[in-house]
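These numbers come from a predicted model, not from an experiment. What's counted below: heavy atoms across the whole structure, side chains too, no hydrogens, waters or symmetry copies. Each chain gets a letter, A, B and so on, in the order the sequences are listed, and its residues count up from 1.
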Protein chains: 2
Amino acid sequence: MSQAKLTPDQTSELADTFGLLSDPTRLSIVIACKDDERAAGDIADHLGISPSLTSHHLRLLRSARILKSDRRGKQVFYTMADDCVHSVLDVMIEHLFTHSHPDPV
Amino acid sequence: MSQAKLTPDQTSELADTFGLLSDPTRLSIVIACKDDERAAGDIADHLGISPSLTSHHLRLLRSARILKSDRRGKQVFYTMADDCVHSVLDVMIEHLFTHSHPDPV
DNA sequence: ACTACATTTGAACAATCGTTCAATTGTTGG
DNA sequence: CCAACAATTGAACGATTGTTCAAATGTAGT
């Protein structure tokens, strides 16, 4: 479990995954889809960003299999596709909430 | 727990943390320090990169409090400073090992 | 004080990235 | 077929990033 020995390919793959979560806008999109199904346009409205920007980010997240898409009529709905990323976000967000005491003294 | 509502600051902070894990070289450094204490020079040797490059990455990881440093004599030893990042790496690496069947058919 | 070793720093470069805008594709209803 | 809505695409831009090289700092032993 510990003392991990990753191949260069595995390391790059892992780094790529983190890279997709490293932009605030894109991270917000992922979090918005974390526990709910969301239409592309609704994500854009919710975050106050353009449909175009949303779509660019969604394409990256989709092709990395972090999100998956499902078209129903005119709308395209997005949900989490990666259990691993889902639980990583839960861990980090939980940590943010429990350790929200930035200035103790 | 779920349905997380993060402030823009929290989202950016989280994105920054992921950003520090998003470069293969830097991620390798973090993983090298994940369960062991490592001197800066040993990390460089282990990864086959220059001391300078190692130090640049270490500075970023240190100032984000992902790693902490401890100088003893000429050497500076680095260890994990963030439990949260530690467990996230464990989750992701575990996932990499259990799902290592890239081309089934 | 001088030398050797370990690490850090700063400037500079090419490469990558996020965003915007205009145009396009896909889908449904009249 | 045409209009209206939803989403995607591609080109272009400014900004950020990882890396290298040369120089500097810190530490220990003689």
Examine the base of dC21(C) for any acceptor or donor lying under 3.5 Å from a partner atom in the side chain of S52(A), and report the outcome as yes or no.
yes
I49(B) CD1 to S28(B) OG distance, which is reported to the nearest 0.5 Å:
7.5 Å
Do I93(A) and I31(A) have side chains that approach each other closer than 4.5 Å (heavy atoms only, starting at C-beta)?
yes
dA6(C) C1' sits how many Å from D45(B) CG, rounded?
11 Å
Atom pair distance, as rounded to whole Å: CG in L27(A) and P in dG18(C):
12 Å
Distance in angstrom units between L67(B) CG and dT8(C) P, rounded:
11 Å
By nearest heavy atom, map I49(A) and K74(A) onto DNA chain C; which one lands nearer the 5' end?
I49(A)
Within-4.5 Å side-chain heavy-atom neighbours: V85(A) and L89(A):
yes
Do F77(A) and D36(A) have side chains that approach each other closer than 4.5 Å (heavy atoms only, starting at C-beta)?
no
What is the nucleic acid contact for H56(A), judged by heavy atoms within less than 4.0 Å: base, sugar-phosphate only, or nothing?
base
Take atom CD1 of I29(B) and atom C1' of dT8(C), then tell me their distance rounded to the nearest Å.
14 Å
Nearest 0.5 Å, what's the CE-CG distance between M92(A) and D82(B)?
6.5 Å
Please examine the side chains of L58(B) and I43(B), heavy atoms only from C-beta on, and report whether any two atoms are closer than 4.5 Å.
yes
Sugar-phosphate only, base, or nothing, as touched by R72(B) at under 4.0 Å among non-hydrogen atoms:
nothing
Between R71(B) and G73(A), which has a closest nucleotide on DNA chain C that is more 5'?
R71(B)
Positional range of nucleotides in DNA chain D within the contact set of chain A, heavy-atom, under 4.0 Å:
dC5(D) to dG10(D)
How many whole angstroms separate atom CG of L21(A) from atom P of dG18(C)?
12 Å
Taking NZ, NE, NH1 and NH2 as the nitrogens, is one of them in D70(A) or R72(A) under 4.0 Å from a carboxylate oxygen of the other?
yes
Name the residue closer to the 5' end of DNA chain D, choosing between S69(A) and L60(B) according to the nucleotide with the nearest heavy atom.
S69(A)
How is A44(B) classified with respect to the nucleic acid when contacts are heavy atoms under 4.0 Å: base, sugar-phosphate, or nothing?
nothing
Measure CG/L58(B) against P/dT9(C) and give the value in whole Å, please.
11 Å
Does a nitrogen or oxygen in the side chain of Y78(B) sit under 4.0 Å from OP1 or OP2 of dT8(C)?
yes
